Amino acid sequence: MPSFFSQDYRAARNRLLSLTQKTGDWVHEPIKHPLCGADGDGMFTDVFWRGPEDASRILVISSGTHGVEGFCGSAVQSQLVAKDMALPDDLAIMLVHGVNPFGFSHLRRVNEGNVDVNRNFIDFEAELPVNEAYRDLNHLLNPVEMPPEKLDALMVEIMRLQSTMDFLTFFKAVSSGQHEFPDGVQFGGREPQWSRKTVEKIWATYLSTAEIVAHIDVHTGLGPSGVGALMMAANPDEPHKAITAKWFGDMMVSPRPTREQDDTFGGYMNLGMERCLTDTWVIPMTLEYGTEAPEVVLRAMIEDNWLCHHGELDSERGRAIKERLLRVFYPDSKIWESQVLHRAEQVFAQALAGLAELSVASKERT
Ligand SMILES: [Zn+2]
């Protein structure tokens, strides 16, 4: 199996550009980010479209919402293009490459404003959600002073606290967005970010006349290594659950929160698409690949957050921290890469086959 993985943002983007040009039937729109990439050149969120412009059913695959996780998402997008498979009638594929190109290029999970783009799709007209549990952990997750030996002690304390909480409470504290500490981790921002505004424009332009959109946003860093788990937020009475179970077998479906404050998935892009495309049936999914143990991933995120606010990027320690961050979201392992590609091939084929059989009428019947 050829590798579709690239070693930096530029190479990843160029690979996808050249593959789409080679097959010849992809329409491309680059949207330039206001800042430059780590190599000094422009950064883009790129849209690639294949299939009829007025297709009623669209499979959307997005990558790099969490910047540095884009190495994986970009690779599975490239593989899909290279396969050049026949498309069913009345169906199109849209790839969104580099939703957060800053994080992808500069090796951060967050964006240029330290904002977790996947926590930014909240209603900013309403009162900001409060993450009280995060407040108590901020001094551990977001230390100002961090000599190397301090990190071990921080992690011991975080793990001790975790052992006193149930899983969901801890998960919410460290993983759901917080809008109070701009230099903390999981900061969801206080206004819509460039990436959010850009994808909302893309959705409005390309998807608003579609009847059905299945969206798969590709992530890494959660779950057993190399396993690609499909996840979705849906209530039991929604048709998504039964329909996707038919396509993929069982997937992780969490009920939607009844109040915004309870939302462990607060501000996810999946949810943003549903809110944006009010006349379209959106089936919002995340494909999440495991890499390392949760404490290893969290440790790398804490280090990177400290580095960006208080450390020196251009130093031996800075480079070592960046390398560790990269490798918890893109493991340096050919086995991991091939597991990722294999699973993506399966999921995308299942999604296309399922979507080809799906009509809006089946929503009412379910
Ligand atoms: Zn992610």
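All residue numbers in this chain count up from 1 along the given sequence. Model, not experiment: these values are computed from the prediction.
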Participant: Check whether NZ of the Lys or CZ of the Arg Arg50 lies under 6.0 Å from the centre of the six-membered ring of Phe48 and within 45 degrees of that ring's axis.
Facilitator: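 Not flagged: Arg50 not positioned over aromatic ring of Phe48.
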
Participant: If the threshold is 4.0 Å, N to carboxylate O, is there a salt bridge linking Glu312 and Arg317?
Facilitator: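 No salt bridge links Glu312 with Arg317.
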
Participant: Begin from the C-alpha positions of Ile216 and Thr286 and carry the test side chain to side chain contact (heavy atoms under 4.5 Å, CB included) through to its verdict.
Facilitator: CA-CA 5 Å; Ile216 301 178; Thr286 295; over 6 Å; no

Participant: Looking only at side-chain N and O atoms, does Arg343 offer a donor or acceptor that is under 3.5 Å from a partner on Gln346?
Facilitator: yes

Participant: Can you hop from Met251 to Tyr289 via hydrophobic side chains spaced under 4.5 Å?
Facilitator: yes

Participant: Just checking Lys246: does its NZ atom have more than 12 heavy atoms from other residues, nucleotides or ligands closer to it than 6.0 angstrom?
Facilitator: no

Participant: Between Arg13 and Phe44, is NZ or CZ placed under 6.0 angstrom from the six-membered ring centre and within 45° of the ring axis?
Facilitator: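 Arg13 over Phe44 ring: yes.
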
Participant: If you count every heavy atom of other residues, nucleotides or ligands that lies below 6.0 Å from Asp250 atom CG, does the total exceed 12?
Facilitator: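 Counting other residues, nucleotides and ligands, CG of Asp250 stays at 12 neighbours or fewer.
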
Participant: Side chain to side chain contact (heavy atoms under 4.5 Å, CB included) with Ile31: which of Ile202, Val199, Val96?
Facilitator: Ile202

Participant: How many angstroms lie between atom CG of Asp217 and atom CD1 of Ile61, to the nearest 0.5 angstrom?
Facilitator: 10.5 Å

Participant: I'd like to know if Met301 and Leu313 are part of one continuous hydrophobic network [Ile/Leu/Val/Met/Phe/Trp/Tyr, side-chain heavy atoms within less than 4.5 Å].
Facilitator: no

Participant: Kindly work out whether a path of hydrophobic side-chain contacts (I/L/V/M/F/W/Y, heavy atoms less than 4.5 Å apart) joins Phe121 to Val99.
Facilitator: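 Looking at the clustering, Val99 is in the same group as Phe121.
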
Participant: How about Tyr9 and Phe71: are their ring centres within less than 6.0 Å of each other?
Facilitator: no

Participant: Go through it in stages, so that I can follow the logic: the residues are Ser176 and Asn131, the test is side-chain hydrogen bond (donor to acceptor under 3.5 Å, both in side chains), and I'd like the CA-CA distance, side-chain angles, deciding distance and then a yes or no.
Facilitator: CA-CA 8 Å; Ser176 62; Asn131 185 344; 3.2 Å; yes

Participant: Remaining members of Val110's ILVMFWY cluster at a side-chain heavy-atom cut-off under 4.5 Å?
Facilitator: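 For Val110, no cluster forms, as it stays isolated from other hydrophobic side chains.
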
Participant: Count the heavy atoms of every other residue, nucleotide or ligand shown that sit under 6.0 Å from CD of Glu357, and state whether that count exceeds 12.
Facilitator: no

Participant: Is the side chain of Ser225 donor-acceptor paired with the backbone N or O of Glu292 at a distance under 3.5 Å, no angle test?
Facilitator: no

Participant: Tell me, which pairs form a ring pair (Phe, Tyr, Trp, His ring centres under 6.0 Å) where one or both residues lie in residues 212-236, sequence neighbours left out?
Facilitator: His66-His219

Participant: Exactly one of Val81, Val60, Leu352 should register a side chain to side chain contact (heavy atoms under 4.5 Å, CB included) with Ile93. Which one does?
Facilitator: Leu352

Participant: Are any non-hydrogen side-chain atoms of Leu358 and Trp247 less than 4.5 angstrom apart?
Facilitator: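 Yes, close enough: below the 4.5 Å cut-off.
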
Participant: Under the criterion salt bridge (Lys or Arg N to Asp or Glu O under 4.0 Å), I'd like the reasoning laid out for Arg299 against Asp152: C-alpha separation, chi angles, the key distance, then a yes or no.
Facilitator: CA-CA 9 Å; Arg299 185 186 171 109; Asp152 288 331; 2.9 Å; yes

